[in-house]
Amino acid sequence: MENKILVETSARHVHVTQETLEVLFGKGHQLEARKYLSQPGQYASTDKVTVIGYNKKDPNGPRPQAALSILGPVRDANQVEVSFTDARSLGLTAPVRESGDIKGSGKCTLKGPAGEVDLEEGVIIAKRHIHMTPEDAENFGVANGDIVSVLVEGQGGRQTIFGDTVIRVSPKYALAMHIDTDECNAAAAFGEVYGQLVMFVDDSEGESCEGDDCCCGHHHEGDCGCGHHE
């Protein structure tokens with residue numbers, strides 16, 4: 001597979017500020033790493049927090065809840081990342097957003113051993129994305145914020161093309177595509193799975209690639225996955 005990209009499944013999790021962390025776990029509490037993740041400096045902590053949703057059938061009934069891992073280090077804003085399935089089971093409103101884009105997003109309550117925090121916003125379903133270094137982006141012929149499609153080879157011969165995948169570029173990143181658990185299950189993307197960039201989405205009308213000037217970077221003897229070659 002050319003230009004392969006490691007595909008990782010990001011399960012539901014929570015990011016918190018230091019202030020929120022201390023409300024939940026007590027003054028002076030610090031996150032401790034349990035498992036380091038593929039992105040440099042990021043880790044699953046030893047702490048979990050209870051996310052409390054809403055009982056939409058009976059507003060006065062018991063509120064659904066689930067224990068989610070807190071990822072570190074602490075951030076400048078609180079954020080809860082779930083899948084569509086999680087959102088339904090917890091009665092949460094969760095728009096599809098890029099990480100950090102939380103204005104007007106869903107609300108919930110976080111509960112820890114020392115206290116609770118009501119979040120008025122911060123619950124999202126993370127838009128699928130690819131982390132790249134500037135060198136990776138140059139090699140793939142893309143830029144930060146570009147939207148691409150990725151062919152993922154799952155188990156059992158299942159192939160899935162994920163469109164609307166955003167490129168995120170930073171020297172702090174390591175090359176990897178992140179999908180959520182719903183997307184993982186749909187694509188049978190279990191274990192070590194790789195994807196291939198197959199399409200660079202161009203919203204312009206009436207434009208096509210010519211010769212070697214291919215928007216997807218995979219133009220080989222007229223065989224292009226971008227859909228612009230006749």
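Since this is a predicted model, take the numbers as computed values, not measurements.
Judged as a salt bridge (charged side-chain N to carboxylate O under 4.0 Å, His left out), the pairs with a partner in residues 179-191 (not counting sequence neighbours) are, in order, Arg128-Glu183. Sorted by first and then second residue, the pairs that involve residues 83-97 and meet salt bridge (charged side-chain N to carboxylate O under 4.0 Å, His left out), not counting sequence neighbours, are Arg12-Asp86, Arg97-Asp101. Listed by first then second residue, pairs satisfying salt bridge (charged side-chain N to carboxylate O under 4.0 Å, His left out) with a partner in residues 129-144 number zero, not counting sequence neighbours. Screening residues 69-84 for salt bridge (charged side-chain N to carboxylate O under 4.0 Å, His left out) gives no qualifying pairs among residues at least two apart or on separate chains.
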Please output the side-chain donor-acceptor pairs of residues 156-163 that fall under 3.5 Å, not counting sequence neighbours, one pair per line with the distance.
{"residue": "Arg158", "atom": "NH1", "partner": "Ala186", "partner atom": "O", "Å": "2.7"}
{"residue": "Gln159", "atom": "NE2", "partner": "Glu153", "partner atom": "OE1", "Å": "3.2"}
{"residue": "Gln159", "atom": "NE2", "partner": "Glu153", "partner atom": "OE2", "Å": "2.7"}

Distance-only criterion, 3.5 Å: show the donor-acceptor pairs between side-chain atoms of residues 108-116 and protein atoms not counting sequence neighbours.
{"residue": "Thr109", "atom": "OG1", "partner": "Arg63", "partner atom": "NH2", "Å": "3.1"}
{"residue": "Thr109", "atom": "OG1", "partner": "Asp118", "partner atom": "OD1", "Å": "2.7"}

For residues 16-31, dump all side-chain donor-acceptor pairs below 3.5 Å to protein atoms at least two apart in sequence or in another chain.
{"residue": "Thr17", "atom": "OG1", "partner": "Thr20", "partner atom": "N", "Å": "3.0"}
{"residue": "Thr17", "atom": "OG1", "partner": "Thr20", "partner atom": "OG1", "Å": "3.1"}
{"residue": "Gln18", "atom": "NE2", "partner": "Glu22", "partner atom": "OE2", "Å": "3.0"}
{"residue": "Gln18", "atom": "NE2", "partner": "His29", "partner atom": "O", "Å": "2.8"}
{"residue": "Thr20", "atom": "OG1", "partner": "Asn78", "partner atom": "OD1", "Å": "3.1"}
{"residue": "Thr20", "atom": "OG1", "partner": "Asn78", "partner atom": "ND2", "Å": "3.0"}
{"residue": "Glu22", "atom": "OE1", "partner": "Gly28", "partner atom": "N", "Å": "3.3"}
{"residue": "His29", "atom": "NE2", "partner": "Asp47", "partner atom": "OD2", "Å": "2.7"}

For Leu71 and Leu37, what are the C-alpha separation, side-chain angles and deciding distance, and is it a side chain to side chain contact (heavy atoms under 4.5 Å, CB included)? CA-CA 9 Å; Leu71 300 193; Leu37 307 177; 4.0 Å; yes

Run the numbers on Ile130 and Val166 for side chain to side chain contact (heavy atoms under 4.5 Å, CB included), then give the verdict. CA-CA 6 Å; Ile130 302 173; Val166 66; over 6 Å; no

Side chain to side chain contact (heavy atoms under 4.5 Å, CB included) assessment of Ile167 paired with Val148: CA-CA 7 Å; Ile167 299 293; Val148 300; 3.9 Å; yes

Before giving the answer on side-chain hydrogen bond (donor to acceptor under 3.5 Å, both in side chains), spell out for Tyr43 and Arg34 the whole-Å C-alpha distance, their side-chain angles and the decisive distance to 0.1 Å. CA-CA 7 Å; Tyr43 57 87; Arg34 174 179 58 83; over 6 Å; no

Side chain to side chain contact (heavy atoms under 4.5 Å, CB included) between Arg168 and Asn144, intermediate numbers included: CA-CA 5 Å; Arg168 300 178 60 186; Asn144 187 59; 4.3 Å; yes

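Side-chain atoms of Asp146 do not come within 3.5 Å of backbone N or O of Val142 as any donor-acceptor pair. Distance alone, capped at 3.5 Å, places no donor-acceptor pair between the Glu98 side chain and the Lys127 backbone.
Note on Val117: it clusters hydrophobically with Leu90, by side-chain heavy-atom contacts below 4.5 Å among ILVMFWY residues. Criterion: ILVMFWY side-chain heavy atoms under 4.5 Å apart, direct or through other members. Under it, Leu119 and Ile70 are part of a common hydrophobic cluster. By the criterion of side-chain heavy atoms lying less than 4.5 angstrom apart, applied directly or through intervening Ile, Leu, Val, Met, Phe, Trp or Tyr residues, Val7 is grouped together with Phe140 in one hydrophobic cluster. Transitive grouping of hydrophobic side chains (ILVMFWY, heavy atoms separated by less than 4.5 Å) brings Leu92 and Leu68 into a common cluster.
Listed by chain and number, the residues in a ring-ring contact (aromatic ring centres under 6.0 Å, His included) with Tyr54 amount to none (sequence neighbours excluded). With sequence neighbours left out, the side chain to side chain contact (heavy atoms under 4.5 Å, CB included) criterion links Asn60 to Asp58. Applying the ring-ring contact (aromatic ring centres under 6.0 Å, His included) test to Phe190 and every residue at least two apart in sequence or in another chain returns nothing. Every residue was checked against the side chain to side chain donor-acceptor pair (under 3.5 Å) condition with Glu32, not counting sequence neighbours, and none meets it. Legend: residues meeting ring-ring contact (aromatic ring centres under 6.0 Å, His included) with His15, ordered by chain and number and at least two apart, are His13.
Here the shortest heavy-atom pairing between Gly91 and Lys56 reads O-CE, 3.2 Å. Smallest separation of non-hydrogen atoms from Ala174 and Ser38: CB-O, 3.7 Å. Asn55 and Pro62 make their closest contact through ND2-O, 3.0 Å (heavy atoms, listed as atom of the first residue, atom of the second, distance). For Gln39 against Tyr173, the heavy-atom pair with the smallest separation is OE1-CA, 3.4 Å. Ala94 and Ile124 get closest at one heavy-atom pair: CB-C, 4.0 Å. Between Gln79 and Ser99, the shortest heavy-atom distance links the atoms NE2-OG, 3.0 Å.
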